[in-house]
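For reference, the structure discussed in these notes is given below.
Sequence positions, counted from 1, serve as the residue numbers for this chain.
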Amino acid sequence: MPLDPDPSSPPPAPHRDWFFPPAPPFLPSTRARTNRAPFPSTSRSSKPYSAYSFTDRRPPPTPRSRSRSPHPPPEQQQRRQLTPPPPSAPRRRDPRYAGVRRDDARTAASEKAAPPAAAPVHGRKPAPSAIATRWSGVLSAAVILLCLASLLRRNFSLHDRVYHLQEQLAVATAKLQSCVIGSSSDMGDISFLYEDDSITMPNRNLKNLSLLISLSVLYAPLVILKYIEVASKIRSSCDSEEVPINKRFAYRVDIFLSLHPYAKPLVLLVATLLLIALGGLALYGVTDDSLSDCLWLSWTFVADSGNHANSVGFGPKLVSVSISIGGMLVFAMMLGLVTDSISEKFDSLRKGRSEVIEQSHTLILGWSDKLGSLLNQIAIANESLGGGTIVVMAERDKEEMEADIAKMEFDLKGTAVICRSGSPLILADLKKVSVSKARAIVVLAEEGNADQSDARALRTVLSLTGVKEGLRGHIVVELSDLDNEVLVKLVGGDLVETVVAHDVIGRLMIQCARQPGLAQIWEDILGFENCEFYIKRWSKLDGMRFEDVLISFPDAVPCGIKVASYGGKIILNPDDCYVLQEGDEVIVIAEDDDTYAPAPLPKVRRGYLPKDFVVPKSPERILFCGWRRDIEDMIMVLDAFLAPGSELWMFNDVPEVDRERKLIDGGLDFSRLDNITLVHREGNAVVRRHLESLPLESFDSILILADESVEDSAIQADSRSLATLLLIRDIQAKRLPDREAMVSHITRGTFSEGSWMGEMQQASDKSVIISEILDPRTKNLLSMSKISDYVLSNELVSMALAMVAEDRQINDVLEELFAEQGNEMQIRPSDLYLREEEELNFFEVILRARQRKEIVIGYRLEGAERAIINPTDKVSRRRWSPKDVFVVISEKE
């Protein structure tokens, strides 16, 4: 009989009880059973169900239909009404169901009032329940992992125990077979086996503990990190402004690794030791070796990952592979750390960050176009010592500095040049170049604005005076403005020697304009290539008169005394009657400091001057082309040198109405100008028609100045000066009288007759033109053309800096030679000292010049291009020409 109901029969009525569904049709009906009250009877009624009729009963709420329609179909409603309730169904109005009804009502109300659940938003922080679930999952995973590890260890232990028992059985069997004695030997072996077994049990427990410890320590960091992450999320959900724990932990680690230089190697060492220790404990847990052997075996696995190939058994193989993987990671970290350290060291060496371990070296702070000449002069000075060391520190890359120095075409002559990158304003960088052990420190002026350059030099001097170790040598500071010299000396005190480049060049230009050829003499004396000033004490000269000292040096020319009784004061050209005292030093001009020494006095004739001739001073006319920054100082110096009635023409593009104001602001007092008269002309020095408006052929000297507007660029300033020089010489050549007749007889140098360069060379004999040249490359052009008695500014300043760096006392000599008062170098004609056809040696000429209170230091022969300073042969007589000239040091007239 089929179990399916008859399709023709009506469907069974739905059960009225919504909580307990009706039984399936194939089960036996429960109506035949004895009905029992669901609750015990109370005193209120013995028959709780009989008091209510069928019509008073209300159907219970049916469960919600899955259909989208809110109301069931009418047929279903009718069937629900006609179907009688089951006898056992209690009535809903019974007081015993009050609590149930109230719960149903609350449930329905809450369902109606509850808003629809919102979809989860991506990126929202998880709820605390979700975090707790994750945490419980982590703990569960940890417990499961520990259980698995324990079971695995137990399996390994049983396997090892069986293997150990087999070995003991084999040993016992061998002993039984080899024993001659019977039962006594057997009992001893049995007792030995039991003793060995009793010893093995504690070792097995210890091995289990070591394996458990190693696994726990390995898993502890993961648990800690997970705890930090969960705690950070919980705290961030409560307080959004608080920094999470994981970020703070990462920050502390970063600070530790940054502040401590050996933090990374220390962390790597700790990680290596921890890996060896954990690996040794794990091996001790899965093998029968001792703990010390396991630790050594763990170290071999870390040091060489290929050693794990000899492991036997699943447990030892698993542990050895794990240790080998950790060893490879440690080796990779160590290799990266060593590589970074080596790269950082080489990068430090390449960028000039390493410390200089030198002493008695020359330290140059800064970088400018004067550096090449300065290095060349110091290298020449160190040649007699077998070379020296020069350290250059500037705010440039070390490789760029070395490349620029390599391009300079000069021989260092055994001197080593070391470059370092750094700032002279930072004490740490100064200590890096051993500033306290340097014998001389040269501070170069920066290119650009003069006030800014001097301000930086002042800050550098402040930094140098702040060195705690003190300074062994002196400081030579190059300044751009004379007004800032007092402030720098006030800060530096006795340690500082200043060289005002702009002022030195201006005074040299004035001297060379008055005496053509003096520029070449200054180059020979200031540089170390020929002869220069030296100061040294000679005790054998004590008690000797200065007149005798002049002829005591066959290889040098004495020119002054450093008087000890006056606190080391420098006196140039002293009186003949001055007697050297103990402690006095002699100032000489010699080739080097070790090439001269006093000798016995030679036999010389003391003659007399041919006549008491005084060189007359006549008024001169001088032209300034351009506007210089310290032009007011040059005007004051020129007024002290020139004769009364002289004229100074000023030709530049500064408006005439502004010139007087600028000169007064610069410190010029027009009432103090006694010898010169200022004549102003406005125009551009590189425009020919402007220059043609000037009487260029009537000037005794023309000074072409590096204009203030372009002095920051050496090439641009030199180009302007060179263009002005060529235009002036061409205009002068065109204005020469009887030009056609004179040019046909001109043949000078390598230029052809009648060429424009030859005409300008002829014009150069009529007037002196001094060009202020800043770039050394321009020097070659002027030297080849021979049309100007030039002044090479940067090279002369570099020479002066090198001389003062080698001996700071030379600065006092240079200051007196450049000053308005005192002594100066001059060029004198030979007829002032000797008669025609008279033969004299150099010592005799020196004694003749002493009658005019002058010191002869050299001469230039007729037709020679260069003067000879400190001639080597001073005792051989020769016949002098009337056109020969002598270079002397004499008092300013």
Side-chain angles (χ1 to χ4, degrees), residues 515 517-518 521 524-525 531 533 538 540-541 543-561 571-580 586-591 596-617 817 822-864 866-893:
Q515 302 184 58
L518 201 58
I521 297 172
D524 293 342
I525 292 179
C531 295
F533 291 101
W538 301 96
K540 63 176 65 177
L541 299 179
M544 186 179 295
R545 299 174 62 210
F546 183 73
E547 184 181 16
D548 297 330
V549 173
L550 286 173
I551 58 177
S552 299
F553 293 90
D555 297 318
V557 178
C559 55
I561 301 295
I571 299 179
L572 293 179
N573 190 16
D575 295 334
D576 291 341
C577 59
Y578 179 81
V579 179
L580 269 69
V586 182
I587 304 173
V588 302
I589 296 178
E591 185 177 359
Y596 70 99
L601 294 177
K603 294 181 180 181
V604 294
R605 294 181 301 179
R606 299 178 181 268
Y608 297 95
L609 293 174
K611 55 184 176 179
D612 189 7
F613 182 74
V614 178
V615 180
K617 294 180 65 175
L817 292 176
N823 293 272
E824 65 175 349
M825 279 196 298
Q826 297 184 5
I827 299 177
R828 300 294 195 191
S830 61
D831 55 2
L832 292 178
Y833 312 104
L834 47 87
R835 299 175 179 83
E836 188 176 357
E837 303 297 331
E838 188 177 8
E839 293 185 358
L840 298 175
N841 60 25
F842 191 75
F843 279 143
E844 294 171 347
V845 174
I846 290 177
L847 295 179
R848 291 277 183 95
R850 289 307 297 167
Q851 300 178 26
R852 294 177 51 86
K853 205 175 183 338
E854 297 174 350
I855 300 177
V856 179
I857 63 174
Y859 57 85
R860 186 177 67 185
L861 299 177
E862 180 184 4
R866 303 185 68 88
I868 300 175
I869 305 300
N870 181 29
T872 56
D873 187 5
K874 297 182 177 63
V875 296
S876 299
R877 289 183 174 86
R878 58 170 300 167
R879 182 173 297 177
W880 302 91
S881 170
K883 294 185 179 180
D884 296 340
V885 294
F886 292 98
V887 182
V888 301
I889 296 177
S890 64
E891 293 183 354
K892 294 182 175 66
E893 300 174 357

Rounded to the nearest 0.5 Å, what's the gap from CD1 on I868 to CZ on F842? Could you check?
10.0 Å
Whether the side chain of E844 engages the backbone of R605 through a donor-acceptor N/O pair (distance < 3.5 Å, no angle test) should be reported.
yes
Step by step, work out the side-chain contact (heavy atoms from CB on, under 4.5 Å) result for V887 and Y859.
CA-CA 5 Å; V887 182; Y859 57 85; over 6 Å; no
May I ask you to test the M825-I525 pair for a side-chain heavy-atom distance under 4.5 Å?
yes
Run the numbers on L580 and V586 for side-chain contact (heavy atoms from CB on, under 4.5 Å), then give the verdict.
CA-CA 9 Å; L580 269 69; V586 182; 3.8 Å; yes
Salt bridge (charged side-chain N to carboxylate O under 4.0 Å, His left out) partners of R879, counting only residues at least two apart:
E837, E839
P554: what forms a side chain to side chain contact (heavy atoms under 4.5 Å, CB included) with it, not counting sequence neighbours?
A599
Residues at least two apart in sequence or cross-chain that pass ring pair (Phe, Tyr, Trp, His ring centres under 6.0 Å) with F886, listed by chain then number, are Y833, W880
Any heavy-atom pair between the side chains of N870 and V588 that's under 4.5 Å?
no
Closest non-hydrogen atoms of L832 and L609, given as atom of the first, atom of the second and distance, are O-CD2, 3.3 Å
Go through the steps for I827 and I521 under the test side-chain contact (heavy atoms from CB on, under 4.5 Å), then give the verdict.
CA-CA 10 Å; I827 299 177; I521 297 172; 3.9 Å; yes
Of the non-hydrogen atoms in V549 and P558, which two are nearest, and what is the gap between them?
O-CG, 3.3 Å
Would the distance check show the side chain of D555 and the main-chain N or O of Y596 forming a donor-acceptor pair, the cut-off being under 3.5 Å?
no
Applying side-chain hydrogen bond (donor to acceptor under 3.5 Å, both in side chains), name anything that partners D524, two or more places apart in sequence or on another chain.
Q520, N530, R866
Taking all atoms of both residues into account, what is the closest heavy-atom pair of P598 and L541, and its distance?
CB-CD2, 4.0 Å
Derivation and outcome, salt bridge (Lys or Arg N to Asp or Glu O under 4.0 Å), residues D575 and K853
CA-CA 8 Å; D575 295 334; K853 205 175 183 338; 3.2 Å; yes
Sorted by chain and residue number, the salt bridge (charged side-chain N to carboxylate O under 4.0 Å, His left out) partners of E547 (sequence neighbours excluded) come out as R545, R606
Quick check: does any side chain N or O of S830 sit under 3.5 Å from a backbone N or O of D884, one acting as donor and the other as acceptor?
yes
CG of L861 to OG of S881, rounded to nearest 0.5 Å, is 8.5 Å
Qualifying residues under salt bridge (charged side-chain N to carboxylate O under 4.0 Å, His left out), relative to E854, sequence neighbours excluded:
R828, R852
Between atom OH of Y608 and atom CG of L847, what is the distance when rounded to the nearest 0.5 Å?
12.0 Å
Point-to-point distance, once rounded to the nearest 0.5 Å, from OG of S552 to CZ of F546:
10.0 Å
So which atom in Q851 and which in G607 form the shortest heavy-atom distance, rounded to 0.1 Å?
NE2-O, 2.6 Å
NZ on K874 to CG on N841, rounded to 0.5 Å:
11.0 Å
Would a 4.5 Å heavy-atom cut-off, applied to side chains only, mark C559 and I587 as touching?
yes
Step by step, work out the side-chain contact (heavy atoms from CB on, under 4.5 Å) result for F843 and L601.
CA-CA 11 Å; F843 279 143; L601 294 177; over 6 Å; no
Output for pair (L840 CG, S876 OG), nearest 0.5 Å, gives 13.0 Å
